[in-house]
Amino acid sequence: MRALAEFIMRGRVQATLVVVGCAALPLLFWLSAAAGCLVLLRRGLSDALSVLAWALLPALVWWYFGEPRTLMVLLGSWGLAAVLRASESWVRVLLVSVVAGLLYAVILGAVFREPIEAMAGELQKLLPHVFGDVYQQMSVEERARLGALITPVLNGLIAALLQIVSVVCLILGRYWQALLYNPGGFGREFRSLRLPRAPMLVLLVCMLVGPNFGPQLAMLTPLCSVPLMFAGLALIHGLVAAKRLTRFWLVGLYVTLVLFMQLIYPLLVVFAIVDSLIDFRGRLASKDADNGSANGEG
């Protein structure tokens, strides 16, 4: 990874080759997005624009052939990189990612409306088997309301996945930047990430109350959970570093996150909510200061 980052930053031609080449190849658009984030974070938007513009050409070709996700992730991750460069705030980046997720959902709903509705129809057929007797006891209106939520929630889940990919691409670009110019800086930056109480409450209200104002707003639930999930990951990284635990704990975290997504993802969201209220790392740091110990790199 370091060799690739050094090659990207060697010059404009090398950066353009990586950004354009990866955007043109199937399933490598995320690498193009991360490389563009590195160039934008280091050089600024004005200098990076000539490199990023060339990557839009293969992305537009993919859109023409019915694959808009390449262009969506490229523009989304680069927009988040511009926010990070301007604000130096991961909290603001994560909040802006919700807006990007909403745009993703609108585009997906327009481009992939028929496949999403077909998938939602198949899922609706499974509801009696999933909920069992509870579904049979529902009234006709309750069943209709539940069925109406499937399409927007499914659309929101797909958009949230692209939202996560965009943030991960930015994280990779930021990691490369720190690896080349500020070793260890990204780790300290990410481990300090914590959502303040007010933004956390806004996200929580949108997740829980949004669907009550209309079925289409149900897509807010997965989209607003993404910043909380990343805040939960930052909390775990911070606690592991503060306690000087081995990397085995982080490896185990990501392995279980992949294998048991339905269980670990909500737990990370809950951890982030509680941390916004209690501030585990702040309390732990004050205790360590009292004991005369100093936090080090994990």
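Along the sequence shown, the residues carry numbers beginning at 1.
When atom types are taken as modelled, the side chain of Arg12 and the backbone of Asp47 share a donor-acceptor pair closer than 3.5 angstrom.
Each ring-ring contact (aromatic ring centres under 6.0 Å, His included) pair with one or both residues in residues 208-260, not counting sequence neighbours, appears once here: Phe190-His237, His237-Tyr254. Sorted by first and then second residue, the pairs that involve residues 152-178 and meet side chain to side chain donor-acceptor pair (under 3.5 Å), not counting sequence neighbours, are Glu88-Arg174, Ser97-Gln163, Tyr104-Ser166, Arg174-Gln177, Arg174-Glu189. Listed by first and then second residue, the side chain to side chain donor-acceptor pair (under 3.5 Å) pairs that reach into residues 106-123 come to none, sequence neighbours excluded.
Scanning all heavy atoms of the two residues, the minimum distance from Arg191 to Ala241 falls at CD-CB, 3.3 Å. Of all heavy-atom pairs spanning Val240 and Thr246, the tightest one is CG1-O, 4.0 Å. The minimum heavy-atom distance linking Val91 with Pro196 is given by the pair CG1-CD, 3.8 Å. When all heavy atoms are compared, the tightest approach of Leu223 to Gly156 is CD2-O, 3.8 Å.
Note on Val99 and Leu228: separate hydrophobic clusters, where clusters join Ile, Leu, Val, Met, Phe, Trp and Tyr whose side-chain heavy atoms are under 4.5 Å apart, directly or indirectly. Leu123 is not connected to Leu161 by any chain of hydrophobic side-chain contacts under 4.5 Å among Ile, Leu, Val, Met, Phe, Trp and Tyr, and they are in different clusters. Grouping the Ile, Leu, Val, Met, Phe, Trp and Tyr side chains by contacts below 4.5 angstrom, directly or via other members, places Leu157 apart from Val226. Hydrophobic clustering, with ILVMFWY side chains joined whenever heavy atoms are under 4.5 angstrom apart, keeps Val153 apart from Leu204. Linking Ile, Leu, Val, Met, Phe, Trp and Tyr residues whenever their side-chain heavy atoms come within less than 4.5 Å leaves Leu57 and Trp63 in two separate clusters.
One distance of note links CG of Leu149 with CG of Leu154; it measures 12.0 Å at 0.5 Å rounding. With values rounded to the nearest 0.5 angstrom, Met9 atom CE is found 12.0 Å from Leu4 atom CG. Note that SG of Cys22 is 10.5 Å distant from CG of Leu74, once rounded to the nearest 0.5 Å. Atom CG in Leu170 sits 13.0 Å away from atom CZ in Arg85 (nearest 0.5 Å). Between Ile264 atom CD1 and Leu253 atom CG the span is 7.5 Å, to the nearest 0.5 Å. Of the inter-residue distances, the one linking Leu52 atom CG with Thr16 atom OG1 reads 8.5 Å to the nearest 0.5 angstrom.
A search for side-chain hydrogen bond (donor to acceptor under 3.5 Å, both in side chains) contacts involving Arg92 returns nothing, not counting sequence neighbours. Gln124 pairs by the side-chain hydrogen bond (donor to acceptor under 3.5 Å, both in side chains) definition with nothing, not counting sequence neighbours. Tyr181 meets the side-chain hydrogen bond (donor to acceptor under 3.5 Å, both in side chains) test with no other residue; sequence neighbours excluded. For Thr256, the side-chain hydrogen bond (donor to acceptor under 3.5 Å, both in side chains) criterion is met by no residue, not counting sequence neighbours.
With side-chain heavy atoms closer than 4.5 Å counting as contact, directly or through intermediates, the hydrophobic cluster containing Val13 also holds Leu17. Cluster note: Trp62 groups with no other residue, as no ILVMFWY side-chain heavy atom lies under 4.5 Å from it. Side-chain contacts under 4.5 Å among hydrophobic residues (ILVMFWY), followed directly or transitively, place Tyr64 together with Val61, Phe65.
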Candidate pair Arg2 and Glu6, rule salt bridge (charged side-chain N to carboxylate O under 4.0 Å, His left out), full reasoning: CA-CA 6 Å; Arg2 182 186 180 92; Glu6 290 177 342; 3.1 Å; yes

Val111 and Arg69: CA distance, side-chain angles, deciding distance, side chain to side chain contact (heavy atoms under 4.5 Å, CB included) verdict: CA-CA 10 Å; Val111 178; Arg69 288 169 290 189; over 6 Å; no

Derivation of the side chain to side chain contact (heavy atoms under 4.5 Å, CB included) call for Leu108 and Met72: CA-CA 10 Å; Leu108 291 171; Met72 292 162 59; 4.0 Å; yes

Derivation of the side chain to side chain contact (heavy atoms under 4.5 Å, CB included) call for Val165 and Cys169: CA-CA 6 Å; Val165 172; Cys169 290; 4.1 Å; yes

Verdict with supporting geometry, Val98 and Leu203, side chain to side chain contact (heavy atoms under 4.5 Å, CB included): CA-CA 9 Å; Val98 177; Leu203 293 173; 4.2 Å; yes

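Here the side chains of Val167 and Leu94 are in contact, with some heavy-atom distance below 4.5 Å. Looking only at side-chain heavy atoms (C-beta outward), Leu233 and Met229 come within less than 4.5 Å of each other. At least one side-chain heavy atom of Trp90 sits less than 4.5 Å from a side-chain heavy atom of Leu84. In this structure, Leu277 and Arg197 have side chains that are in contact, with non-hydrogen atoms separated by less than 4.5 Å. In this structure the side chain of Val20 reaches within 4.5 angstrom of the side chain of Pro58, judged on heavy atoms.
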Can you give me every donor-acceptor pair (side chain of residues 24-46, partner residue at least two apart or in another chain, under 3.5 Å) with its distance?
from, atom 1, to, atom 2, distance (Å)
Trp30, NE1, Leu27, O, 3.0
Ser32, OG, Val19, O, 2.6

For residues 268-276, run the donor-acceptor check on the side chains, cut-off 3.5 Å, and write out each pair with its distance to 0.1 Å, sequence neighbours left out.
from, atom 1, to, atom 2, distance (Å)
Asp275, OD1, Phe280, N, 2.9
Asp275, OD2, Arg281, NH2, 2.6
Ser276, OG, Leu195, O, 2.7
Ser276, OG, Ala272, O, 3.0

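Ion pair Arg145/Glu141 not flagged as a salt bridge, since none of the NZ, NE, NH1 or NH2 atoms sits closer than 4.0 Å to an Asp/Glu carboxylate oxygen.
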